[in-house]
Amino acid sequence: MGTMVGTVITVKELYGVKSADIQFRNGTNSTPLITLEEGRKYIVPYFQREIRWTKDNLITLINDVKKGSKFLGNLIFTKRQSDYEILDGQQRTTVIALIVLFLKSKYSERFDVFETCEIKVESFLGFRNLCNYFFDLEKIPKSELKEIKESDCYGQYDKYIEIWDAMEKVDLFANSKDAEDFLKNLEQSQLNVIIETDSAERSIEAFLDVNLKGVRLDAEDIFNSPVIRNFE
């Protein structure tokens, strides 16, 4: 088992492309734990379930954060060289990245929107292409859109489109001042991050350990796991 480190960190520190030092703070003292490298990727590994957040989950998050910075829960990563596999927290990670990307697509000329790290979804490699086009389907060549859809192993394409379209209809995001205030709250919102280092070879084992101790995996999750598929 690798070394476990963890502390509370802001959304901007965690998901921004710049390097960030994770430190344990005790009053005025701080102890360095790990450095998140510049240009790192956050990887949703193939054995993770598909995106399951709905527009209702999105609206709940937006309504909470618009009132002020919030604590957004716990995340568990395992370090893979300079990148990080998401063992727990892929829904929040992906949706937070989409919110920032949406604001960037709409207001990058009005106010500063921080650049986020790449989110690589191994079960939907075309997700990155959708992000590069800001989900503007009319601008994506038909051949490329076909490749994007074919890369979607778990049928997540429609869900991501639904979430993006829902942001288009959020009244808060229709006004640049309100959107900027929201982004400031989101940037300063915090997450409790736990990172297991030097353990890439046991990420599936760690994933099952986390989930079996927290929530029951459904049959679809288990049979989609590469551990099971290797025996087919």
Side-chain angles (χ1 to χ4, degrees), residues 11-12 14-19 36-55 57-58 61-62 75 77-110 112-170 173 179 183 186-187 200 203 207 220-221 224-226 229:
V11 165
K12 187 174 182 179
L14 180 62
Y15 296 123
V17 293
K18 295 181 179 180
S19 64
L36 301 175
E37 298 85 348
E38 183 173 358
R40 61 196 174 277
K41 294 178 185 176
Y42 291 105
I43 300 169
V44 180
Y46 200 89
F47 52 79
Q48 277 278 15
R49 65 177 66 189
E50 72 279 5
I51 183 74
R52 293 188 177 181
W53 267 36
T54 65
K55 61 182 179 181
N57 298 121
L58 170 73
L61 174 61
I62 291 172
L75 302 176
F77 299 137
T78 184
K79 197 170 189 304
R80 183 197 286 186
Q81 296 180 342
S82 61
D83 300 326
Y84 298 85
E85 281 191 338
I86 305 169
L87 299 187
D88 187 52
Q90 68 141 331
Q91 311 286 335
R92 276 163 294 162
T93 293
T94 309
V95 171
I96 287 171
L98 286 179
I99 290 173
V100 176
L101 184 68
F102 177 82
L103 295 178
K104 182 179 179 65
S105 72
K106 194 173 180 68
Y107 292 119
S108 61
E109 295 182 0
R110 301 276 189 92
D112 183 40
V113 181
F114 72 94
E115 194 76 25
T116 59
C117 297
E118 178 181 343
I119 309 295
K120 179 180 179 181
V121 183
E122 290 188 334
S123 62
F124 184 18
L125 295 179
F127 172 75
R128 186 60 186 172
N129 292 34
L130 284 176
C131 292
N132 290 339
Y133 283 101
F134 297 111
F135 283 74
D136 189 341
L137 302 183
E138 294 183 358
K139 291 185 178 180
I140 304 177
K142 290 183 179 180
S143 59
E144 188 171 348
L145 185 59
K146 182 174 182 290
E147 292 177 0
I148 289 172
K149 292 180 178 180
E150 288 176 347
S151 75
D152 179 13
C153 300
Y154 295 166
Q156 305 168 83
Y157 173 84
D158 289 340
K159 182 68 69 175
Y160 282 118
I161 297 297
E162 175 189 318
I163 291 172
W164 188 271
D165 288 346
M167 288 190 286
E168 294 277 8
K169 300 172 184 176
V170 173
F173 292 165
L183 180 61
L186 182 63
E187 289 176 346
S203 57
F207 168 76
E220 183 180 2
D221 294 322
N224 275 333
S225 168
R229 287 197 300 275

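Please read these numbers as outputs of a predicted model, since none were measured by experiment. The basis for the numbers below is simple: all heavy atoms, side chains too, and nothing from hydrogens, waters or symmetry mates.
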TODO: Consider only side-chain N and O atoms of Y84 and E37, and report whether a donor and an acceptor are under 3.5 Å apart.
DONE: yes
TODO: Quickly, which of I99, D158, L58 forms a side-chain contact (heavy atoms from CB on, under 4.5 Å) with I163? Name it, please.
DONE: L58
TODO: Of all the heavy-atom pairs spanning L186 and V100, show the shortest one and how long it is.
DONE: CD2-CG2, 3.9 Å
TODO: Output yes when a side-chain donor or acceptor of S151 lies under 3.5 Å from a complementary backbone atom of G126, and no otherwise.
DONE: yes
TODO: For residues E144 and Y133, determine if any side-chain heavy atom of one lies less than 4.5 Å from a side-chain heavy atom of the other.
DONE: yes
Task: Any side-chain heavy-atom pair of I140 and N129 under 4.5 Å - done: no
- [ ] Nearest 0.5 Å please: distance from the CZ atom of R49 over to the CD atom of Q90.
- [x] 8.0 Å
Task: Atom pair CD1 (I161) and CG (D165), whose distance is rounded to the nearest 0.5 Å - done: 6.5 Å
- [ ] Carefully, step by step, assess L183 and F114 under the rule side-chain contact (heavy atoms from CB on, under 4.5 Å).
- [x] CA-CA 9 Å; L183 180 61; F114 72 94; 4.2 Å; yes
TODO: Look at K149 together with E147 and state whether they make a salt bridge at an N to O cut-off of under 4.0 Å.
DONE: no
Task: Test item: K79 side-chain N/O and Q81 main-chain N/O as donor-acceptor pair under 3.5 Å - done: yes
Task: Point-to-point distance, once rounded to the nearest 0.5 Å, from CZ of R92 to CH2 of W53 - done: 7.0 Å
- [ ] Please say whether more than 12 non-hydrogen atoms of neighbouring residues, nucleotides or ligands are located less than 6.0 Å from NZ in K55.
- [x] no
- [ ] Output yes when a side-chain donor or acceptor of R40 lies under 3.5 Å from a complementary backbone atom of K18, and no otherwise.
- [x] yes
Open item on the list: If we ignore hydrogens and angles and just use 3.5 Å, is the side chain of N57 paired with the main-chain N or O of T54 as donor and acceptor?
Closed with: yes
Task: Note, I43 side chain near I86 side chain (heavy atom, < 4.5 Å) - done: no
Task: Separation between CZ of F134 and CG of L101, rounded to the nearest 0.5 Å - done: 5.5 Å
- [ ] Measure from the side-chain N and O atoms of T94 to the backbone N and O of Q91, and report whether any donor-acceptor pair falls under 3.5 Å.
- [x] no
Task: Where L14 and C117 come nearest, the two heavy atoms and their spacing - done: O-SG, 4.5 Å
- [ ] Taking Y154 for its side chain and Y46 for its backbone only, find out whether a donor-acceptor pair lies under 3.5 Å.
- [x] yes
TODO: For M167 and K169, run side-chain contact (heavy atoms from CB on, under 4.5 Å): C-alpha distance rounded to whole Å, both residues' side-chain angles, the deciding distance at 0.1 Å, then the answer.
DONE: CA-CA 5 Å; M167 288 190 286; K169 300 172 184 176; over 6 Å; no
Task: Check: Y157 and L145 side chains under 4.5 Å, non-hydrogen atoms - done: yes
Task: Close side-chain approach of L87 and F47, heavy atoms under 4.5 Å - done: yes
Open item on the list: Can you tell me how far apart CG (D88) and OG1 (T78) are? Round to the nearest 0.5 Å.
Closed with: 13.0 Å
TODO: Would you please classify the geometry between the F77 ring and the Y42 ring as parallel, tilted or perpendicular, with 30° and 60° separating the classes?
DONE: tilted
Task: Sub-4.5 Å side-chain heavy-atom contact between F173 and I62 - done: yes
Task: Sequence neighbours excluded, every pair satisfying side-chain hydrogen bond (donor to acceptor under 3.5 Å, both in side chains) that has a member inside residues 112-127 - done: R80-E122, K104-E115, S123-Q156
Task: Heavy-atom closest pair, residues R128 and I119 - done: NH1-N, 4.2 Å
Open item on the list: Once rounded to the nearest 0.5 Å, what's the spacing between atom CG of L98 and atom SG of C131?
Closed with: 5.5 Å
- [ ] Check whether any side-chain heavy atom of F127 lies under 4.5 Å from a side-chain heavy atom of V44, and answer yes or no.
- [x] no
- [ ] Could you label the plane-to-plane angle of the W164 and F102 rings as parallel, tilted or perpendicular, counting under 30° as parallel and over 60° as perpendicular?
- [x] perpendicular
